[in-house]
> 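Take a look at this one; I'll ask things after.
We number each residue from 1, following the sequence as shown. For ligands, and for the atoms within them, numbers begin at 1 and follow the listed sequence.
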Amino acid sequence: MTDTCPAIRVSEIFGPTIQGEGVLIGLPTVFIRTGGCDYRCSWCDSLHAVDSQFRHEWEMMPIDAVWQSVVGLSGGRPVMVSLSGGNPAIQPFGALIERGRGEGYRFALETQGSVVSDWFADLDVLVLSPKPPSSEMRTDWAAFEACIEAAQQKPQIVLKLVVFDESDYAYAKDAAALFPRLPVYLQPGNHTPPRLGNEDAPVDLDGIIKRMEWLVEKVTHDRWFEARVLPQLHVILWGNRRGV
Ligand code: SF4
């Protein structure tokens, strides 16, 4: 056990369902979504794990309780566990990962790469998702590189970039050029994310598909043959519904 703080701030634990995006798309997964984020992206699709308005829904759960929940959901069969948020990098996951991997489970972290933790090297997959200009956030590339270094070349590391417009696309290309050895996954942004108090409002699927088509055209026109373009499968299947 490597953590001094044995509790994790949890927004929700759910699954198994399929991973809806990026390198693990389609893979059955149990999700641990943590509460709290150092960012506030303009189009955040997980505000219930970010906005302090939802703080009453978050729970400080001991590692053991989090683990029992994961085991219960998976029926005790090892499954991919996705640590998402919010920004799960700010939580003390080391002991949980150590325990889970000892039982055959695998762990993927989804983070914007703004906060480093010493347990990154214990992951199986590190998904770094720097936020493009449309998010209205600014990337700290030094912190981002520190995240890669902390992984010590142990987990698989991939870049995942949300693209809404031309400047996001240019940002994605720049990010890929900065880290040429990392596989790149691009996905069209959802401009109809869940809104506070109106989580069930429909998504503009036609608009998202049009952006996907535009993105495919951009990548092929530019002969950016290393990039992979994927939709958010869960948005196509379930819109903005939580817990799937
Ligand atoms: S980093 Fe992710 S969870 Fe945090 S505000 Fe941005 S989109 Fe939301």
Side-chain angles (χ1 to χ4, degrees), residues 8-14 19-25 29 31-55 57-59 81-91 93 108-117 120 123 125-148 150 157-165 167-169 171-172 175 185-199 201 203-204 208 211 230-235 238-244:
I8 292 169
R9 189 161 62 182
V10 172
S11 165
E12 55 186 344
I13 302 176
F14 63 92
Q19 171 59 258
E21 56 193 49
V23 61
L24 299 173
I25 193 166
T29 299
F31 288 84
I32 302 173
R33 188 185 299 287
T34 59
C37 188
D38 47 317
Y39 274 25
R40 182 64 190 262
C41 301
S42 62
W43 34 252
C44 178
D45 60 1
S46 308
L47 275 178
H48 62 289
V50 171
D51 197 290
S52 57
Q53 190 173 322
F54 288 88
R55 193 172 277 268
E57 293 183 5
W58 306 344
E59 189 183 346
V81 179
S82 174
L83 312 176
S84 81
N87 186 0
I90 60 183
Q91 302 295 327
F93 270 114
L109 171 69
E110 301 250 352
T111 181
Q112 63 265 43
S114 57
V115 176
V116 185
S117 280
F120 284 7
L123 292 161
V125 184
L126 172 58
V127 179
L128 291 172
S129 184
K131 303 307 176 193
S134 64
S135 69
E136 297 172 18
M137 298 291 111
R138 183 175 295 224
T139 307
D140 177 346
W141 289 111
F144 193 87
E145 282 190 47
C147 289
I148 294 174
I157 307 178
V158 299
L159 282 179
K160 188 180 73 180
L161 292 133
V162 176
V163 177
F164 278 86
D165 53 27
S167 50
D168 287 359
Y169 181 76
Y171 172 95
Y185 291 79
L186 305 177
Q187 67 189 38
N190 174 7
H191 55 283
T192 49
R195 292 289 162 213
L196 292 180
N198 193 18
E199 284 80 15
V203 295
D204 176 17
I208 295 170
R211 183 170 296 122
L230 287 173
Q232 289 179 295
L233 196 50
H234 55 289
V235 172
W238 298 297
N240 286 326
R241 240 171 71 196
R242 277 166 64 171
V244 285

> If you take all heavy atoms of Glu12 and Gly243, which pair is closest and at what distance?
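Minimum heavy-atom separation between Glu12 and Gly243: OE1-N, 4.1 Å.
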> List ligand 1 atoms under 4.0 Å from Val50, heavy atoms only on the residue side.
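Near Val50, the atoms of ligand 1 are 3 (S), 8 (Fe).
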> Determine, using heavy atoms of Asn87 and all atoms of ligand 1, whether some pair is separated by less than 4.0 Å.
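The answer is no: ligand 1 sits nowhere under 4.0 Å from a heavy atom of Asn87.
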> Would you call Val23 and Tyr185 a side-chain contact if the rule is heavy atoms closer than 4.5 Å?
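When only atoms from C-beta onward are counted, Tyr185 and Val23 do touch, with a gap below 4.5 Å.
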> Please could you name the atoms of ligand 1 that Gln112 approaches to less than 4.0 Å, counting only its heavy atoms?
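Going through ligand 1 atom by atom, the ones under 4.0 Å from Gln112 are 1 (S).
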> Run the side chain to side chain contact (heavy atoms under 4.5 Å, CB included) test on Leu128 and Lys160 for me, step by step, so that the C-alpha distance in whole Å, both residues' side-chain angles and the decisive distance to 0.1 Å come before the verdict.
CA-CA 6 Å; Leu128 291 172; Lys160 188 180 73 180; over 6 Å; no
> At less than 2.8 Å, would any N/O/S atom of Cys37, backbone or side chain, sit next to atom 4 (Fe) of ligand 1?
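Cys37 does place an N, O or S atom closer than 2.8 Å to atom 4 (Fe) of ligand 1.
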> Quick test: of every protein heavy atom, which one is nearest to atom 5 (S) of ligand 1, and how far off is it to 0.1 Å?
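Looking only at protein heavy atoms, the one closest to atom 5 (S) of ligand 1 is Cys41 N, 3.3 Å.
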> Among all protein non-hydrogen atoms, which one is nearest to atom 8 (Fe) of ligand 1, and what is the separation to 0.1 Å?
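Result for atom 8 (Fe) of ligand 1: Cys44 SG, 2.3 Å.
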> Identify the closest protein heavy atom to atom 2 (Fe) of ligand 1: which residue and atom is it, and at what distance?
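Residue, atom and distance for the closest contact: Lys131 CE, 4.0 Å.
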> The test is side-chain hydrogen bond (donor to acceptor under 3.5 Å, both in side chains); show your working for Asp140 and Ser114 and say whether it passes.
CA-CA 7 Å; Asp140 177 346; Ser114 57; over 6 Å; no
> Where does the angle between the aromatic ring planes of Phe14 and Phe31 fall among parallel (under 30°), tilted (30 to 60°) and perpendicular (over 60°)?
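Taking Phe31 first and then Phe14, their aromatic rings lie parallel (interplane angle under 30°).
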> Can a donor-acceptor pair be found, under 3.5 Å and without considering hydrogens, that links the side chain of Ser42 to the backbone of Ser134?
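Between the backbone of Ser134 and the side chain of Ser42 there is a qualifying donor-acceptor contact (under 3.5 Å).
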> Heavy-atom contact under 4.0 Å between Gly86 and ligand 1?
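It does, in that a heavy atom of Gly86 comes within the 4.0 Å cut-off of ligand 1.
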